[in-house]
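Each remark here refers to the structure printed beneath this line.
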2 protein chains.
Amino acid sequence: MSEQGGFTASARHRDIPEASVARLPVYLRALSGLADAGHVTVSSEGLATAAGVNSAKVRKDLSHLGSYGTRGVGYEVDELVHHISNALGLTQRWSVVLVGVGNLGHALAGYAGFASRGFRIAGLVDADPARVGERVAGLTVRSIDELAEVVTTGGVSIGVIATPAGAAQVVCDQLVAAGVTSILNFAPTVLQVPDGVELRKVDLAVELQILSFHEHRKSVSGAVGA
Amino acid sequence: MSEQGGFTASARHRDIPEASVARLPVYLRALSGLADAGHVTVSSEGLATAAGVNSAKVRKDLSHLGSYGTRGVGYEVDELVHHISNALGLTQRWSVVLVGVGNLGHALAGYAGFASRGFRIAGLVDADPARVGERVAGLTVRSIDELAEVVTTGGVSIGVIATPAGAAQVVCDQLVAAGVTSILNFAPTVLQVPDGVELRKVDLAVELQILSFHEHRKSVSGAVGA
DNA sequence: GCTTGTGAAACCGTTCACAGCG
DNA sequence: CGCTGTGAACGGTTTCACAAGC
């Protein structure tokens with residue numbers, strides 16, 4: 001396939017800036033809403049409003065996927081959904097293992113958007129022997145000792161950690177050792193991963209503390225002036 | 001005191017860049033760990049490692065709070081915790097109302113870090129009459145109709161939305177109308193808020209789709225070269 | 001000598017504004 | 001004429017590199 005041949009379309013993926021990538025899922029959701037409301041096409045302005053951003057951002061973001069708009073008209077909703085899904089790799093079904101089936105783990109396992117967006121829960125595992133065997137969201141909880149097996153036989157590439165903080169790093173290491181290359185961490189702790197493993201985190205306490213900062217700032221400046 | 005006296009310390013708050021603010025809670029957590037491990041002082045390098053960032057970032061971030069380090073030595077752990085807590089407004093106890101007591105709401109209500117970090121759940125409310133009256137995490141679930149009262153009498157400034165997507169915007173509007181000025185949204189939908197209301201969101205589907213992008217990218221480029 | 005605190009440089013992301021095109 | 005796609009300007013963030021100071 002010569003030096004640059006054979007991946008005209010795929011090659012684009014490499015150049016989408018991280019900030020744009022983070023917004024594409026939001027556009028996807030906004031587009032679902034627009035499609036349900038019967039819209040066939042949408043302008044950057046319309047999509048921007050639905051997604052809670054501004055239209056320049058939408059156009060810049062979409063330009064990274066290619067030129068799929070029509071000047072004077074806008075974007076075709078269905079087509080755009082297709083191109084964004086492509087860019088995000090949502091045309092294939094990714095398998096996920098969820099570690100930690102406590103309160104939060106239960107909630108995550110039961111989350112409908114999991115399956116509806118093309119993610120398959122390949123397994124639920126927990127370190128607590130009392131929980132092993134329990135049925136959650138149609139699956140049987142397995143022992144943490146079987147983690148590697150679940151990952152291998154389930155073709156798992158994404159791990160979700162919903163354990164207590166103290167167990168998270170060990171679990172993380174086990175996931176990486178088993179071959180998982182993307183991890184979503186809900187445990188309130190900082191995790192270390194080797195290069196090449198994508199790590200994202202969701203942290204209630206951090207979010208609340210950021211909001212606290214803004215409340216505090218308002219109350220300080222509000223007490224004086226404007 | 002003197003020319004601009006009265007808020008020598010507090011005035012700093014206004015100038016902390018958003019990116020720094022988002023990292024301060026992470027430093028706080030890392031510092032707890034270091035304190036538990038018996039460290040009295042820590043260098044920017046040590047804190048950086050514990051927090052998963054680099055040391056230049058730590059120094060820049062901390063410099064926004066003031067000059068609390070000792071050259072040649074580092075920062076005193078306790079003192080730093082104190083200054084960061086101050087900057088984040090964690091010296092006062094913020095009251096939170098949690099709307100939506102489904103699977104996720106249960107998990108959030110039960111989250112220990114809620115209380116331990118100085119946040120008080122002033123009330124749990126739900127729209128489902130079947131859930132009203134239920135005891136969750138030591139609190140009685142109240143009707144959504146009582147939201148405004150909970151906010152007012154509880155001195156609530158932060159609202160957490162854990163409802164289904166369809167209900168989130170209505171709940172959000174009610175929170176804002178009741179006087180809440182910071183909102184943390186767990187519902188998988190884009191919310192609109194007026195200026196002056198701080199909105200943050202946590203979205204499992206978005207996080208998974210971002211990870212999907214990176215997995216996809218790896219599998220595409222991995223198939224060809226390096 | 002070792003580490004902070006910080007200007008300066010490099011980088012990235014956002015916004016502007018308009019040429020290009022349906 | 002309206003809206004996309006995009007260079008160019010701008011602002012914020014990260015990184016560099018070193019002078020200042022314990």
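Between Gln174(A) and Ile144(A), some side-chain heavy-atom pair lies under the 4.5 Å cut-off. Side chains of Val170(A) and Thr163(A) form no contact here, defined as non-hydrogen atoms less than 4.5 Å apart. Using a 4.5 Å heavy-atom cutoff, the side chains of Tyr75(A) and Leu62(A) are in contact.
For Ser67(B), the listed nucleotide lying nearest its side chain is dG5(C); candidates were dG22(C), dT14(D), dG5(C). Counting only heavy atoms from C-beta on, Arg59(A) has its side chain closest to dT6(D) among dT6(D), dT15(D), dC18(D). Nearest to the side-chain atoms of Tyr75(B) among the listed nucleotides dC21(C), dT14(C), dT4(C) stands dT4(C). Listed candidates were dT4(D), dT15(D), dT14(C). Nearest to the side chain of Arg23(A) is dT14(C). Comparing atom distances between the Ala19(A) side chain and each of dG5(C), dG13(C), dC21(C) picks out dG13(C) as nearest. Between dT6(D), dT13(D), dT15(C), one nucleotide has an atom nearer to the side chain of Lys57(A) than all others, and that is dT15(C). Distance from the side chain of Arg71(B) is smallest to dA19(D) among dA19(D), dC3(D), dA17(C). Nearest nucleotide to the side chain of Ser43(A), out of dG5(D), dT4(D), dG13(C): dT4(D).
Nucleotide dT14(C) holds its P atom 7 Å from the CG atom of Asp61(A), rounded to whole Å. Spacing between atom CG of Leu24(A) and atom P of dG13(C) amounts to 13 Å, rounded to whole angstrom units. Taking atom CG on Leu65(A) and atom P on dT6(D), their separation rounds to 12 Å, with Å as the unit. Rounded to an integer number of Å, the gap from CG of Leu62(B) to P of dT13(D) is 16 Å. Put simply, NE2 on His64(B) is 11 Å from C1' on dT14(D), counting in whole angstrom units. Remark: C1' of dG5(C) and CG of Leu80(B) are 14 Å apart, rounded to the nearest angstrom. Per the geometry, CD belonging to Glu45(B) stands 19 Å off P belonging to dG1(C), to the nearest Å. Summarising the geometry, the separation between CD on Glu18(B) and C1' on dT14(C) is reported as 15 Å, rounded to the nearest angstrom.
Using a 4.0 Å cut-off, some side-chain N or O of Asn54(A) falls inside it from OP1 or OP2 of dT15(C). Look at Ser44(A) and you'll find a side-chain N or O under 4.0 angstrom from OP1 or OP2 of dT4(D).
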Between Glu45(B) and Ser55(B), is the side-chain hydrogen bond (donor to acceptor under 3.5 Å, both in side chains) condition met? List the steps. CA-CA 5 Å; Glu45(B) 189 63 42; Ser55(B) 62; 3.2 Å; yes
Could you walk me through whether His214(A) and Glu18(B) satisfy the side-chain hydrogen bond (donor to acceptor under 3.5 Å, both in side chains) test, starting with their C-alpha distance in whole Å, then the side-chain angles of each, then the deciding distance to 0.1 Å, before giving a yes or no? CA-CA 10 Å; His214(A) 291 289; Glu18(B) 198 51 41; 3.2 Å; yes
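Looking at which nucleotide of DNA chain C each of Lys60(A) and Val73(A) is closest to, the 5′-most match is held by Lys60(A). Closest-nucleotide positions on DNA chain C for Val42(B) and Ser20(A) were compared, and the one nearer the 5' end corresponds to Val42(B). Each of Gly72(B) and Pro17(B) has a nearest nucleotide on DNA chain D; the 5'-most of these lies closest to Pro17(B).
Closest heavy-atom contact between Ala35(A) and Val77(A): CB-CG1, 4.0 Å.
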